[in-house]
Amino acid sequence: MLKIALPKGRLGMKVYEMLAECGYECGELLEDNRKLIFENPENGVSYFLVKPSDVAIYVEHGAADIGVVGKDILLEQKADIYELLDLGFGKCRMCVAAPVDYREDRDRPVKVATKFPNIATEYYSSKNQEIEIIELHGSIEIAPLVGLSDVIVDIVETGTTLRENNLRVFEEIVPISARLIANKAASKFKSEELFRVVEKLKNRG
Amino acid sequence: MNAINRLPKDEELYLTLRELYESYGYQKYTMQKFEEYALYADHKNFLTSQSVLTFTEPGGKLLALRPDVTLSIVKNTKADGDYTEKLYYRENVYRPDRSSKSFREIGQIGVEIIGNLDRYESAEIVTLAAKSLSAVDPDFVLSLSHTGFMAGLLDYAAVDKATDRELVADCLRSANTHELASFLMAHGVEQSYIDRLSELILFRGGFADALNLAAKLAVTPPMKKAVSDLAQVYANLSGSEFASSLRLDLTVQNDLDYYYGLILQGFVKGCPKAVLTGGRYDKLLRKFNRPIGAMGFALFLGEILSCYPTPVDYDFDVLLLYSDDTDPARLSAKANELREAGNRVRIARTPPGQLKYKETVEMFGQGKAGSEEC
């Protein structure tokens, strides 16, 4: 049985639809219930629905064999997994954003508000620039507007939220999209069934 | 079930592996609990984590609970050009736990060979690694790679910047062929080469077939040497009972500042993570000004123990209940009789509510006939 961790929400449903088209349907998952684990022994898969930021943890620890997770989570958590496919959706960008009139004060470290402290630290380290990280967990865009930070490092999709709050993208760090990941041991001991899923997803129309 | 059958997996493994390593002429290595912190500060990149548990001893010296065993072995080795040390150890190391953000004690069983190494010693280490994994679970995979392959690939693609080299290493480590392909294409590597490289990274077949693929990709001297070294090791092992469990796996990576040559990573069916890592680390010996070779591996007992828990149906077998009027001599005799029959016996006045046991024998009264229940 191949165990697949899906992120709860829109992304997870989109991935499920793709997998169902490839022959890995599990009708129960679409029913309105509170179940978290869904099995279809006939086509050899079981699905878990988990918090998006937990998918890589489930896969790394072998509770799931494969999963779908955003590249932002992978870069932030650095889970020890295989990243086998860029699924090509959920596209956005990890960016540095700030108020439209922001000018950097070079006499002190930049204050960076973010829910991605590792990504932010690595990015500014690559530029040899000292920063102070303020780790937040939501509504990051508010931080520079109320003086909590100078800039933010956050995901940008359309940019609408930034524009409506008088913020703009200053630098793009890395493009983000949904990735298919696999447990390293499962890739060796369940390789046939695991890579069959990968190939079907890669070759889908 | 007797005590031997109930041994935790790590203790059972140690008994088996100790016999295995000694049958190959390896000597047990024991060491002090603490090491000078300077040893780890000077070789931080050799460690899996930069965090080390330190304390100051009464004399003022800064010591550490060791995060690694190999560094201590290398520091104290008696090996030279004429004398090769073959050692095995069972020790605890102390490393930060990534998820809980605190330090953990991690048991390791390891093997090191230090001195003049040639193709036989490489094959011997790989053999011992395979047999060690087989002792954990007969369903195992031993992945082999070679540092020369990635070093050669970086040269071939003219990747100079440290951040770019780290990106390539990350892509290989995570079998991320799509990002690696984009990067290499941007560095002018031709599509056909990238396609063959991606095929090798994701290859699931046997070692010999993977070696053929690798040979076609070996376009620089380090890569050719890597393929040659891997072929030599495989030639020594292709007839062995574990040949089908060997894989050529480019996702196996190690720090190029210390490791040069063959590198290993071992997996068993019951564990989601690698339970064995190792390789050839001559470069570490150079940092100690020792012009000799070194190769070894370590098994992670914590990971193995959590994946192969000791089956515990009962906390003990027989509860022997007594009261104030129980004859102590009869109580003791009954307990001994039960123990000699292989039971685990607990003597108590009242049943221990939280524990599970198979049966109860009451020894109330003065030992009159009929007062014992079995």
Side-chain angles (χ1 to χ4, degrees), chain A residues 3 5 53-54 56-67 69 71 74-88 117-118 122-128 173-196 198-199 201-202, chain B residues 48-49 97-100 133 136-143 161-164 166-167 170-183 198-199 201-206 244-253 265-277 303-304 306-307:
Chain A
K3 299 173 287 184
S53 54
D54 291 343
I57 298 170
Y58 277 82
V59 174
E60 183 181 16
H61 289 266
D65 300 313
I66 57 176
V69 64
K71 184 69 179 184
L74 292 180
L75 288 171
E76 181 63 23
Q77 293 179 355
K78 294 197 183 303
D80 187 21
I81 43 83
Y82 285 150
E83 183 185 321
L84 297 180
L85 211 48
D86 181 344
L87 292 168
N118 290 330
E122 235 173 85
Y123 175 67
Y124 280 96
S125 175
S126 73
K127 292 160 37 115
N128 208 22
I173 298 176
V174 66
I176 304 291
S177 57
R179 308 295 167 99
L180 181 76
I181 62 172
N183 175 267
K184 288 188 172 184
S187 303
K188 296 167 200 327
F189 295 105
K190 293 185 179 181
S191 59
E192 287 305 315
E193 50 199 298
L194 193 148
F195 281 92
R196 195 176 307 130
V198 176
E199 286 306 310
L201 283 172
K202 200 191 276 187
Chain B
T48 55
S49 162
D97 184 311
R98 194 157 59 97
S99 42
S100 68
L133 290 169
V136 178
D137 192 320
D139 200 345
F140 71 90
V141 165
L142 179 56
S143 294
K161 274 174 64 180
T163 46
D164 287 344
E166 189 50 43
L167 176 75
D170 273 344
C171 284
L172 281 174
R173 199 177 296 123
S174 59
N176 186 344
T177 52
H178 50 277
E179 284 187 19
L180 183 63
S182 302
F183 180 86
S198 299
E199 187 188 350
I201 291 167
L202 298 175
F203 191 69
R204 304 187 302 277
S244 60
S245 298
L246 295 177
R247 299 283 181 274
L248 201 171
D249 184 350
L250 293 187
T251 70
V252 177
Q253 296 284 309
Q265 201 173 47
F267 296 84
V268 291
K269 188 160 189 190
C271 288
K273 300 183 180 185
V275 296
L276 178 150
T277 62
E303 187 67 31
I304 292 168
S306 70
C307 297

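Each chain gets a letter, A, B and so on, in the order its sequence line appears, and its residues count up from 1. The structure presented is a predicted model; accordingly, all values stated were derived computationally and were not measured.
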Task: Contacting region of A/Ile81 [heavy-atom separation from chain B under 4.5 Å] - done: backbone

Task: Segment of B/Arg247 engaging chain A (4.5 angstrom heavy-atom cut-off) - done: neither

TODO: Using a cut-off of 6.0 Å, state whether more than 12 heavy atoms not belonging to B/Phe140 lie near its atom CZ.
DONE: yes

Open item on the list: For the backbone of B/Cys171 and the side chain of B/Asn176, can you confirm whether one donor and one acceptor N or O come within less than 3.5 Å of each other?
Closed with: no

Task: Most contacts with chain A, counted as non-hydrogen pairs under 4.5 angstrom, among B/Asp139, B/Thr177, B/Thr163 - done: B/Asp139

TODO: Could you look at B/Glu179 and say if it's the side chain, the backbone, both or neither that has a heavy atom under 4.5 Å from chain A?
DONE: side chain

Open item on the list: Looking at every heavy atom in both A/Phe189 and B/Lys269, which two are closest together, and how far apart are they?
Closed with: CZ-N, 3.4 Å

Open item on the list: Using side-chain heavy atoms (C-beta onward) and a distance below 4.5 Å, is A/Arg196 in contact with A/Glu199?
Closed with: no

Task: Beyond-backbone contact of B/Lys161 with B/Glu166, side-chain heavy atoms, under 4.5 angstrom - done: no

- [ ] Could you tell me which of A/Gly62, A/Ala185, A/Ala186 has the largest number of non-hydrogen atom pairs under 4.5 Å with chain B?
- [x] A/Ala185

- [ ] Heavy-atom distances under 4.5 Å only: say whether A/Leu85 touches chain B with side chain, backbone, both or neither.
- [x] backbone

TODO: Go through the atoms of A/Asn183 and report whether side chain, backbone, both or neither lie under 4.5 Å from a heavy atom of chain B.
DONE: side chain

Open item on the list: Counting only non-hydrogen atoms closer than 4.5 Å, does B/Cys307 touch chain A with its backbone (N, CA, C, O), its side chain (CB onward), both, or neither?
Closed with: neither

Open item on the list: Looking at every heavy atom in both A/Phe195 and A/Leu84, which two are closest together, and how far apart are they?
Closed with: CE2-CD1, 4.1 Å

